[in-house]
Chemist: 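Just dropping this structure here.
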There are 2 protein chains.
Amino acid sequence: MSTNTITAFEPRKTPVQARSTVTVKAISEATIQVLLTHGADRLTTTRVAGRAGVSVGTLYQYYPNKRSLLFAVFEDHLNKVSRTVELACEDARDKALSEMIRQVVEAYVDVKMQRADISVALYKVAPDVGGPALVKQTVQRLRKAIGSMLLTASDVKLSPDKFAIDLMLSAMAGAMRSALEAGASPAMFRKMREHLVLLCQSYMAAAMAKGA
Amino acid sequence: MSTNTITAFEPRKTPVQARSTVTVKAISEATIQVLLTHGADRLTTTRVAGRAGVSVGTLYQYYPNKRSLLFAVFEDHLNKVSRTVELACEDARDKALSEMIRQVVEAYVDVKMQRADISVALYKVAPDVGGPALVKQTVQRLRKAIGSMLLTASDVKLSPDKFAIDLMLSAMAGAMRSALEAGASPAMFRKMREHLVLLCQSYMAAAMAKGA
DNA sequence: CGATTGGATGAAGGATTCTTCAGGTTTGGA
DNA sequence: TCCAAACCTGAAGAATCCTTCATCCAATCG
């Protein structure tokens with residue numbers, strides 16, 4: 001089960017005093033720093049602890065193992081992405097289909113770009129950190145938000161296909177990943193964004209037409 | 001450079017006698033076997049050698065390091081994919097745009113499915129094995145094949161946009177990856193295939209119209 | 001039939017890193 | 001003030017693997 005995959009990374013202890021709250025946050029941020037400056041292979045528990053200004057022992061008091069460090073970072077990142085897209089969905093309610101798609105796609109592209117460095121770093125470690133399980137959760141969340149948004153479309157009245165939404169999401173993610181990993185330039189990204197909107201719009205239109 | 005990334009994995013010695021040719025092939029196949037049965041983390045050089053029926057020393061005579069084992073497998077896989085898609089492109093020359101896209105997409109989906117197990121296993125190790133570099137090569141190769149095919153389209157006469165082709169490829173790859181990692185059922189894949197054709201067709205049509 | 005090159009062996013070296021835990025320090029409430 | 005709980009420390013244990021190299025076997029050639 002995906003739940004199992006995830007519980008293995010859950011925190012060991014929850015901070016009680018203010019002191020440890022600070023510590024935990026420091027560790028979490030140190031993880032990102034080390035990930036970005038040293039890369040995934042040179043990410044050791046000792047190094048993270050050092051950067052956080054605590055000892056390894058302390059780290060292990062809150063994180064059960066090394067992978068849980070990355071897992072936490074991954075989780076945060078995906079949450080941020082989810083929240084952003086969900087907001088876009090809220091905002092696009094009752095608009096026309098193509099406008100909805102535009103907002104969602106642009107929101108997604110923009111969040112990923114904002115944290116392009118983290119995104120790229122996470123692509124590398126995802127497989128070792130229960131990435132697929134987390135991604136699955138995220139997709140469910142987004143599917144729900146998008147599906148519910150689509151129901152309010154002003155121009156089309158069709159039950160949106162779960163399958164189509166998933167396909168759109170994975171296609172979008174794939175395209176972004178490719179661009180991010182290639183280190184595309186800002187200009188490139190602007191073009192990407194436009195084209196991705198086009199891609200999703202034309203597909204969704206076609207998919208909904210087909211479903212009818 | 002990506003070339004550098006790749007040269008670090010190049011073979012150490014090339015087989016001369018028939019004996020060693022057999023050995024190298026055995027090692028390469030053992031790598032796949034171990035990868036599929038034990039998983040990437042439990043893939044050790046000793047284990048691969050054992051499964052191949054040779055000693056570790058022999059393995060290191062032909063492969064400079066552990067990662068080069070996976071690299072070789074990855075390279076083979078991508079070559080197979082490339083060849084298959086290239087053939088589809090040849091076959092689709094002079095046809096209508098939508099038919100071209102159909103053939104390419106279906107060819108891609110089908111090869112990946114044929115080796116679904118290997119595909120999934122490789123997703124996991126790709127980052128540690130110079131995956132991005134290899135993928136970049138593959139994309140170039142496919143972009144060329146597809147671009148040249150599009151020039152012969154019977155219904156549209158437009159210079160195909162490099163950018164659009166890349167986007168289509170990465171979207172396609174993303175969708176496939178997602179489905180493969182989720183362990184989708186055969187029925188699911190048939191639907192995927194259909195929809196992916198639709199997605200690519202509608203996007204390419206839109207992109208080419210826009211370019212004009 | 002030597003000699004030379006190719007091929008194979010596998011114990012041992014070497015390097016890393018994760019993770020624990022026994023013991024010291026700080027905090028906050030009674 | 002005093003104590004129990006919360007926190008922190010970091011040396012050392014323990015487990016893995018990768019990779020080498022000195023040495024021996026097999027094949028090919030003149």
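Bear in mind the structure is a predicted one, so any value in this text is a computation, not a measurement. Letters go in sequence order (proteins before strands), and every chain restarts at 1. All values below were derived from every heavy atom in this structure, side-chain atoms included, with hydrogens, water molecules and symmetry-related copies excluded.
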Chemist: Could you state the NZ-C1' distance from A/K66 to D/dT16, rounded to the nearest angstrom?
Modeler: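 Distance, rounded to whole Å: 13 Å.
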Chemist: Rounding to an integer number of Å, can you tell me how far A/R19 CZ sits from D/dC7 C1'?
Modeler: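 After rounding, the gap between these two atoms is 4 Å.
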Chemist: For A/T46 and for B/V16, locate the closest nucleotide of DNA chain C by heavy-atom distance; then report the residue assigned to the nucleotide nearer the 5' terminus.
Modeler: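 This one resolves to B/V16.
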Chemist: Is a side-chain donor-acceptor pair under 3.5 Å present for A/R177 with A/S119?
Modeler: no
Chemist: With heavy atoms under 4.0 Å as the rule, sort B/L69 into base, sugar-phosphate or nothing.
Modeler: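 Nothing: the residue B/L69, judged by heavy atoms under 4.0 Å, touches no strand.
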Chemist: Can you confirm whether A/L70 sits close enough to A/D128 that some side-chain heavy atom of one is under 4.5 Å from a side-chain heavy atom of the other?
Modeler: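 Answer no - side chains too far apart.
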Chemist: Using only side-chain N and O atoms of A/T44, determine if any of them is under 4.0 Å from OP1 or OP2 of C/dT17.
Modeler: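 Checking A/T44 against C/dT17: no side-chain N or O falls below 4.0 Å of OP1 or OP2.
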Chemist: Both B/N65 and B/A18 contact DNA chain D. Taking the nearest nucleotide for each, which residue is further toward the 5' end?
Modeler: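 Its nearest nucleotide lies further toward 5', so the answer is B/N65.
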Chemist: Quick check for you: among D/dC18, C/dT9, D/dT9, whose closest atom lies nearest to any side-chain atom of A/S55?
Modeler: D/dT9
Chemist: For A/L196, which of A/M168, A/K191, A/M172 qualifies under side chain to side chain contact (heavy atoms under 4.5 Å, CB included)?
Modeler: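 That would be A/M172; it is the only one of A/M168, A/K191, A/M172 passing the side chain to side chain contact (heavy atoms under 4.5 Å, CB included) with A/L196.
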Chemist: Please examine the side chains of A/Q201 and A/V105, heavy atoms only from C-beta on, and report whether any two atoms are closer than 4.5 Å.
Modeler: no
Chemist: What is the separation between atom CG on B/L59 and atom P on D/dC18, rounded to the nearest whole Å?
Modeler: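 The answer, rounded to whole Å, is 10 Å.
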Chemist: By nearest atom, which of the nucleotides D/dC8, C/dA8, C/dT19 is closest to the B/Q61 side chain?
Modeler: C/dA8
Chemist: In whole Å, I'd like the distance from the CG atom of B/D41 to the P atom of D/dC18.
Modeler: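 Atom-to-atom, B/D41 to D/dC18, this comes out as 12 Å.
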Chemist: Any side-chain N or O of A/S20 under 4.0 Å from OP1/OP2 of D/dA6?
Modeler: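 No, A/S20 has no side-chain N/O under 4.0 Å of OP1/OP2 on D/dA6.
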Chemist: Describe the nucleic acid contact of A/Y62 in one word from base, sugar-phosphate, nothing, applying a heavy-atom distance below 4.0 Å.
Modeler: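 Sugar-phosphate: the residue A/Y62, judged by heavy atoms under 4.0 Å, touches backbone atoms but no base.
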Chemist: So what does A/T45 touch, heavy atoms closer than 4.0 Å: a base, only the sugar-phosphate, or nothing?
Modeler: base
Chemist: How many Å lie between NZ on A/K13 and P on D/dA5, as a whole number?
Modeler: 13 Å
Chemist: Measure CD/A/Q17 against C1'/C/dT26 and give the value in whole Å, please.
Modeler: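 Distance, rounded to whole Å: 8 Å.
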Chemist: Do other residues, nucleotides or ligands put more than 12 heavy atoms under 6.0 Å from A/K80 NZ?
Modeler: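 No, because the 6.0 Å sphere around NZ of A/K80 holds 12 heavy atoms or fewer from other groups.
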Chemist: Mind calculating the distance between CD1 (B/I27) and P (C/dG7) to the nearest angstrom?
Modeler: 12 Å
Chemist: Base, sugar-phosphate, or nothing: which does A/T58 touch, judged by heavy atoms less than 4.0 Å apart?
Modeler: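 It contacts base atoms.
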Chemist: Starting from P on C/dA12, measure out to OH on B/Y60 and report it in whole angstrom.
Modeler: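 For the pair B/Y60 OH and C/dA12 P, the rounded distance is 18 Å.
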Chemist: Which nucleotide in the list D/dC7, C/dA11, C/dA8 gets nearest to the side chain of B/V56?
Modeler: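 Selected nucleotide: C/dA11.
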